[in-house]
Amino acid sequence: MRKDIIAITGGTVVLPDQTIQGTVLLQDGRIEAIVPAEQMDIVPDADRVIDACGMYVMPGMIDIHSDAIEKEIEPRPGSRFPMEMAFYELERKLVVHGITTIYHGLSMSGGVGVRSDEVVEQALLAFHRLSHTRSLLRHRLHLRYEVINFPAIDIVRKHISDNSIQLLSLMDHSPGQGQYSASGSYEVYVSKTHGLQGAAAAAMAQRMVEKHKQINWQILKQLAQSAISAGIPVASHDDDSSEKINQILDCGISVSEFPMNLQTAIYASECGLHVSVGAPNIVRGGSHGKNMSALDAINANAAHIICSDYYPSAMLASVFRLINQGMDMAKAFRMVTLNPARALMVDRNLGSIEAGKCADLLLVEVFEGYPLVRKTLVNGEIVYQSDYVQHL
């Protein structure tokens, strides 16, 4: 018995290496075929037609690094909400923004509040359960392990062995290097994020400095290798030098998130790492932390992936900013679709409009220069749709 055929017609279809006018045929949750406009006479009768006239038909976006879930769990320090509420409310926002696969970043830093080991464990367990019942998009778990959080290493090993995470990143946020190389910058972060002030913030910073001296990179290498052996990609975070890149390469890490400067980004790219930068950095025209400009890295061909970082709505806007600045359209779209899929080894099913792949698709209208998601499809099902009313 033939399954229903869905035809998305009239749009500009974003393929991996070009854009065409044509029709995308879907069947049983997958892409059946892409038919150029000049071959429309061979398109079979569809059971349902979706009109994409005047819109782009593009792959659903894959966000490999998003802290947005932390703000849903704890929008203000000490104001914690139920995990189920955080999960369901965030996923509704994500499909509006065109994100169809999300790697939720949960930071096991041994800190306070939402970044405490206890809360991260609760979130990991809750989201694993919820994502296997019903959901609007593909939920994946990105465990961000602070390398000076020594007591938590056995917890990380457990999540690797039971395959409950899909991405592991190694972070070092200790003061005096990386993101917090400037004097006093870590104390400012602790104050804003965790509500610690004055002496309490300074004491926390000093504890981190002392722990940094005790890092055992051989143990971290073993941890990374165990994840890789389990099919879990491993990323590093805030790399700030070629020496740091060489160190993580020795561990087998394949993704460099948010290099601190252009020289490090270029070196990481030359070494074959997938370099990820933040969409907010692109949209705002620079880093809020006065670090490397993502646009500089992209223009130097030293960045390959755009992630939302902390602001999911910036993903699509960042792509169109690149296009408006002259980047080839297919190349710009790859930075939020096929490139992250390849980096995380899910490109067999996700990341591009190709026959046989999952039908995770967006219909995007550009209105007065700004991209608006009009429909989001996951596995061929419409999970979000917007219809605008004129002249209210």
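Remark: the backbone N or O of Met292 is paired with a side-chain donor or acceptor of Asn281 at under 3.5 angstrom. A donor-acceptor pair under 3.5 Å is absent between the side-chain atoms of Ser269 and the main chain of Ala265, judged by distance alone. One N or O on the side chain of Arg321 and one on the backbone of Val283 form a donor-acceptor pair closer than 3.5 Å. Asn299 places a side-chain N or O within donor-acceptor distance of the main-chain N or O of Leu295, the cut-off being under 3.5 Å. Proximity of a side-chain donor or acceptor of Ser241 to a complementary backbone N or O of Thr264 within less than 3.5 Å is not detected. In this structure a side-chain-to-backbone donor-acceptor pair under 3.5 Å is present from Ser66 to Ala68.
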Handout entry: Derivation and outcome, salt bridge (Lys or Arg N to Asp or Glu O under 4.0 Å), residues Asp238 and Lys244
Key = CA-CA 10 Å; Asp238 291 349; Lys244 179 66 179 297; over 6 Å; no
Problem - Verdict with supporting geometry, Glu72 and Met85, side chain to side chain contact (heavy atoms under 4.5 Å, CB included) - result: CA-CA 8 Å; Glu72 293 292 333; Met85 182 176 183; over 6 Å; no
Practice task
Run the numbers on Glu89 and Arg92 for salt bridge (Lys or Arg N to Asp or Glu O under 4.0 Å), then give the verdict.
Solution key: CA-CA 5 Å; Glu89 293 305 318; Arg92 292 198 299 172; 2.5 Å; yes
Handout entry: Test side chain to side chain contact (heavy atoms under 4.5 Å, CB included) applied to Val373 and Gln385, step by step
Key = CA-CA 8 Å; Val373 177; Gln385 175 173 307; over 6 Å; no
Exercise for the section: Evaluate the side chain to side chain contact (heavy atoms under 4.5 Å, CB included) criterion for residues Leu372 and Tyr388: first the C-alpha distance (whole Å), next the side-chain angles of each, then the deciding distance (0.1 Å), finally the verdict. Expected result: CA-CA 11 Å; Leu372 300 169; Tyr388 288 83; 3.8 Å; yes
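Checking Glu121 against His159 by side-chain atom types alone, a donor-acceptor pair falls below 3.5 Å. For Ser352 and Lys357, the side-chain atoms include at least one donor-acceptor pair closer than 3.5 Å. Ser135 and Glu91 share no donor-acceptor pair across their side chains, judged by distance under 3.5 Å alone. No hydrogens or angles considered: a donor-acceptor pair under 3.5 Å links the side chains of Gln206 and Glu210. A donor-acceptor pair shorter than 3.5 Å can be found between the side chains of Asp117 and Asn149. Between the side chains of Asp239 and Ser256, at least one donor N or O sits under 3.5 Å from an acceptor N or O. Side chain to side chain, Asp172 and His212 meet the donor-acceptor criterion of an N or O pair below 3.5 Å. His128 and Ser164 share no side-chain donor-acceptor pair at under 3.5 Å.
Under the side-chain hydrogen bond (donor to acceptor under 3.5 Å, both in side chains) criterion, Asn349 pairs with Arg30, not counting sequence neighbours. For Asn324, there are no side-chain hydrogen bond (donor to acceptor under 3.5 Å, both in side chains) partners two or more places apart in sequence or in a different chain. Every residue two or more places apart in sequence or in another chain that forms a side-chain contact (heavy atoms from CB on, under 4.5 Å) with Asn379 is listed here: Arg138, Cys358, Asp360. Listed by chain and number, the residues in a salt bridge (Lys or Arg N to Asp or Glu O under 4.0 Å) with Lys211 amount to none (sequence neighbours excluded). Not counting sequence neighbours, Glu381 has no partner by the side-chain hydrogen bond (donor to acceptor under 3.5 Å, both in side chains) test. Judged as a side-chain hydrogen bond (donor to acceptor under 3.5 Å, both in side chains), and not counting sequence neighbours, the contacts of Asn246 are Tyr267. Applying the side-chain contact (heavy atoms from CB on, under 4.5 Å) criterion to Pro280, with sequence neighbours excluded, gives Asp309, Tyr310, Tyr311, Ala314. Applying the salt bridge (Lys or Arg N to Asp or Glu O under 4.0 Å) test to Asp67 and every residue at least two apart in sequence or in another chain returns Arg115, Arg144. Residues meeting the salt bridge (Lys or Arg N to Asp or Glu O under 4.0 Å) test with Asp154, sequence neighbours left out: Arg157. Looking at residues two or more places apart in sequence or on another chain, you find a side-chain contact (heavy atoms from CB on, under 4.5 Å) between Val156 and Met108, Leu143, Tyr145, Ile160, Leu168, Leu223. With sequence neighbours excluded, the residues satisfying salt bridge (Lys or Arg N to Asp or Glu O under 4.0 Å) with Glu84 are Arg129.
Between His104 and Phe127, the ring planes lie tilted relative to each other; the angle falls in the 30° to 60° range.
Note: Glu118 CD to Ile155 CD1 = 10.5 Å, rounded to the nearest 0.5 Å. Rounded to the nearest 0.5 Å, atoms NE2 (His304) and CD1 (Ile298) are 10.0 Å apart. For the atom pair CD1 of Ile64 and SG of Cys307, the computed distance is 6.0 Å after rounding to the nearest 0.5 Å.
In the hydrophobic clustering, where aliphatic and aromatic side chains (Ile, Leu, Val, Met, Phe, Trp, Tyr) are joined below 4.5 Å either directly or transitively, Ile20 groups with Ile6, Ile8, Val13, Leu15, Val24, Leu26, Ile31, Ile34, Ile50, Met55, Val57, Ile353, Leu361, Leu363, Leu377, Ile382.
Val114 and Leu125 fall into different hydrophobic clusters, where Ile, Leu, Val, Met, Phe, Trp and Tyr side chains are chained together by heavy-atom contacts under 4.5 Å. No chain of hydrophobic side-chain contacts below 4.5 Å, direct or via other Ile, Leu, Val, Met, Phe, Trp or Tyr residues, connects Val319 to Val275. Neither Leu167 nor Met61 shares a network with the other; the hydrophobic side chains, linked directly or stepwise wherever heavy atoms of I, L, V, M, F, W or Y lie under 4.5 Å apart, form separate groups for each. Leu273 and Leu344 end up in different hydrophobic clusters when Ile, Leu, Val, Met, Phe, Trp and Tyr side chains are linked at under 4.5 Å. In the hydrophobic cluster analysis, where Ile, Leu, Val, Met, Phe, Trp and Tyr join through side-chain heavy atoms closer than 4.5 angstrom, Leu338 is grouped apart from Tyr103.
Within the 4.5 Å cutoff, no side-chain heavy atoms of Ile253 are placed close to those of Leu249. Between Leu124 and Leu106 the shortest side-chain heavy-atom distance falls below 4.5 Å. Within the 4.5 Å cutoff, no side-chain heavy atoms of His142 are placed close to those of Gln166. With contacts defined as side-chain heavy-atom distances shorter than 4.5 Å, the pair Val119/Met83 qualifies. Side-chain atoms of Phe81 and Pro75, non-hydrogen and from C-beta on, do get closer than 4.5 Å to each other. Side chains of Ile305 and Glu257 form no contact here, defined as non-hydrogen atoms less than 4.5 Å apart. No side-chain heavy atom of Gln214 sits under 4.5 Å from any side-chain heavy atom of Ile148. Contact check for Ile248 versus Lys221: no side-chain heavy atoms found under the 4.5 Å cut-off.
Between Arg48 and Asp4 there is no salt bridge, since none of the side-chain N atoms of the basic residue sits less than 4.0 Å from a carboxylate O of the acidic one.
Checked against the 6.0 Å centroid criterion, the rings of His65 and Phe258 qualify as a close aromatic pair.
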